[in-house]
There are 2 protein chains.
Amino acid sequence: MVSRVESAAATRRALVDAAAALLDEGGPDAVTLREVGARAGVSRGAPYGHFPDKEHLLAAVAAERWDAIGVRLDALIADRDRPPADRLEQALAGLMEVGRQSPHAYALMFSTPVGVYPDAIAAVSRTHDQFLAIVTDVIGDPARSGPVGALLMSSVQGIIAMENSGLLTAEKWHVTGDELLHMLIDRIAASDRR
Amino acid sequence: MVSRVESAAATRRALVDAAAALLDEGGPDAVTLREVGARAGVSRGAPYGHFPDKEHLLAAVAAERWDAIGVRLDALIADRDRPPADRLEQALAGLMEVGRQSPHAYALMFSTPVGVYPDAIAAVSRTHDQFLAIVTDVIGDPARSGPVGALLMSSVQGIIAMENSGLLTAEKWHVTGDELLHMLIDRIAASDRR
DNA sequence: TTCTTCATGTGACGTTGTCATGTGAATGAC
DNA sequence: GTCATTCACATGACAACGTCACATGAAGAA
């Protein structure tokens with residue numbers, strides 16, 4: 001019924017899910033291998049059968065979250081009835097939503113170690129390609145969609161980082177994160193529209 | 001010669017300097033209270049005479065770095081010969097430089113805990129006010145300089161985060177961080193110029 | 001001098017990531 | 001069916017860590 005490899009794959013998934021849940025619930029410090037093992041129904045040493053160390057487990061969490069965003073972008077791309085500009089706005093709003101609902105995971109996705117782990121690199125690359133495709137549909141000129149896409153994704157990350165760290169106060173800046181997003185769309189994406 | 005309060009103040013400064021140096025050299029994991037104490041010439045328990053816990057020490061490091069940026073902005077503001085648009089560009093370039101030279105400290109400055117510690121809040125607030133003054137000099141309309149300033153600072157943080165995490169690859173996006181900065185200046189700051 | 005204050009040193013404790021080793025069940029050969 | 005092998009997992013152990021309770025000793029006040 002459950003072969004050995006199936007059981008191992010299920011354990012690996014349980015470990016990643018447990019780590020992701022702990023990260024969302026209590027931040028990076030709450031992710032301990034002992035608690036991850038307990039939630040996955042295994043012992044504290046079990047993760048070492050699937051990952052070289054804790055950082056690789058966290059990289060797997062980051063990769064999974066990038067893939068999750070990729071799924072959302074896929075749904076957007078498949079919706080051919082929606083105007084391209086609408087799709088881009090929805091894509092950016094989706095990034096903002098993820099960043100707000102899972103601030104710790106979002107920070108992990110954009111933190112240094114991600115670029116070192118092959119699985120994470122692949123997931124990031126796929127999702128970024130999808131995002132670029134959406135941008136290109138709006139911009140037209142493929143030579144411009146790269147820089148424009150990079151600026152959009154960078155800025156959204158920055159807006160979320162400022163929001164989540166409490167640095168984007170209304171009293172100081174007289175603006176909300178959503179308003180910044182629309183400034184960005186108006187002045188970066190819209191001005192390059194074909 | 002050295003009074004008790006003078007000695008205590010010197011120790012506190014040595015602790016913050018040691019923590020900052022360790023953070024720059026080896027990242028967050030390299031900052032251990034034992035090593036901080038050793039570099040400051042005191043024992044591992046000494047920090048508890050100056051900070052409630054390790055996070056408050058790190059918050060002091062973040063506050064010091066925000067103040068350091070404030071000093072750079074002060075020099076820019078004092079230079080009345082330079083055109084306002086030039087000052088803003090120099091201010092943003094300065095942020096990029098800090099983010100590149102001290103990636104770990106830069107990440108700390110924009111990470112969640114910063115907003116909780118009074119000293120860090122004050123330092124951030126002062127520096128943001130200075131940045132806003134520079135933006136207002138370019139924009140003219142004070143009601144618009146808030147949102148514009150917030151978008152500029154957020155975006156610069158995002159660009160640095162993407163750069164430092166290795167996500168801003170030239171092959172994928174066909175653009176550099178510096179080019180993104182100038183896109184930002186042209187389309188956000190320049191278009192609002194009075 | 002004597003007392004008080006307070007920064008610092010030190011021993012101890014619980015928790016963490018990690019490794020070496022043991023174990024037991026699924027797998028494949030015959 | 002029997003046996004040997006493989007491999008995911010459990011367990012004990014260890015060093016390093018943040019933190020606390022307590023001891024110490026010198027500076028400042030009386």
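Per chain, numbering begins at 1; letters A, B, ... match sequence-line order.
- Salt bridge R126(B)/D74(B): absent, no basic N to carboxylate O contact under 4.0 Å.
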Report task. Heavy atoms under 4.0 Å is the rule here; annotate nucleotides 12-22 of chain C 5' to 3' with B where the base is hit, S where only the sugar-phosphate is, and - elsewhere. Result -> B---BBB----

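- Hydrophobic cluster membership of L33(B), counting Ile, Leu, Val, Met, Phe, Trp and Tyr whose side-chain heavy atoms lie under 4.5 Å apart directly or via other members: L15(B), V16(B), L22(B), L23(B), V31(B), V36(B), V42(B), Y48(B), F51(B), L57(B), L58(B), V61(B), L108(B).
- When the nucleotides dT10(C), dT11(D), dA8(D) are ranked by their closest atom to the side chain of S43(A), dT11(D) comes out on top.
- Connectivity analysis of hydrophobic side chains (ILVMFWY, heavy atoms under 4.5 Å, direct or indirect) links Y117(A) to V116(A).
- The CZ-P distance, from F51(B) to dC20(D), rounds to 15 Å in whole Å.
- Between the P atom of dA16(D) and the CG atom of L22(B) lies a distance of 16 Å, rounded to the nearest Å.
- R100(B) and D178(B) are joined by a salt bridge, as a carboxylate oxygen and a charged side-chain nitrogen come within less than 4.0 angstrom of each other.
- Donor-acceptor pairing under 3.5 Å is lacking for the side chains of H104(A) and E25(A).
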